[in-house]
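Note sheet for the following structure.
Because only heavy atoms are used, hydrogens play no part in the values below, and waters and symmetry mates are left out as well, while side chains stay in.
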Amino acid sequence: DRKAGDNWIEVDPVFGDGSNVCAAVLIRLAPGAIATYEVTVPGALPGGTYRLRTRIALPIDTPLRDLVSGAFTITP
């Protein structure tokens, strides 16, 4: 998502060029466990404030909900 004023605007989930395909991944973590996933942000995005957003079901088989990263800045 890209910040626009006080709102977050969804950016194309594959960053617009199809090179960063989103894949559904099921990872089960033990209580207190941590998982890390790296995403390469293409240089073609305009400068601004962004955050990464994914959807999770917690616990499994419940409605999906958003999980977002902290905000970060991309400088052109």
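- Under the 4.5 Å side-chain heavy-atom criterion for Ile, Leu, Val, Met, Phe, Trp and Tyr, Tyr50 and Val68 are members of distinct hydrophobic clusters.
- Judged as a side chain to side chain donor-acceptor pair (under 3.5 Å), and not counting sequence neighbours, the contacts of Asp66 are Arg55.
- By the side chain to side chain donor-acceptor pair (under 3.5 Å) test, Arg53 pairs with Asp1, Glu10, sequence neighbours left out.
- A pairwise comparison of heavy atoms in Ala4 and Ile9 identifies CB-CG1, 3.7 Å as the closest pair.
- Residues satisfying the side chain to side chain contact (heavy atoms under 4.5 Å, CB included) test with Thr49, not counting sequence neighbours, are Lys3, Trp8, Ala71, Thr73.
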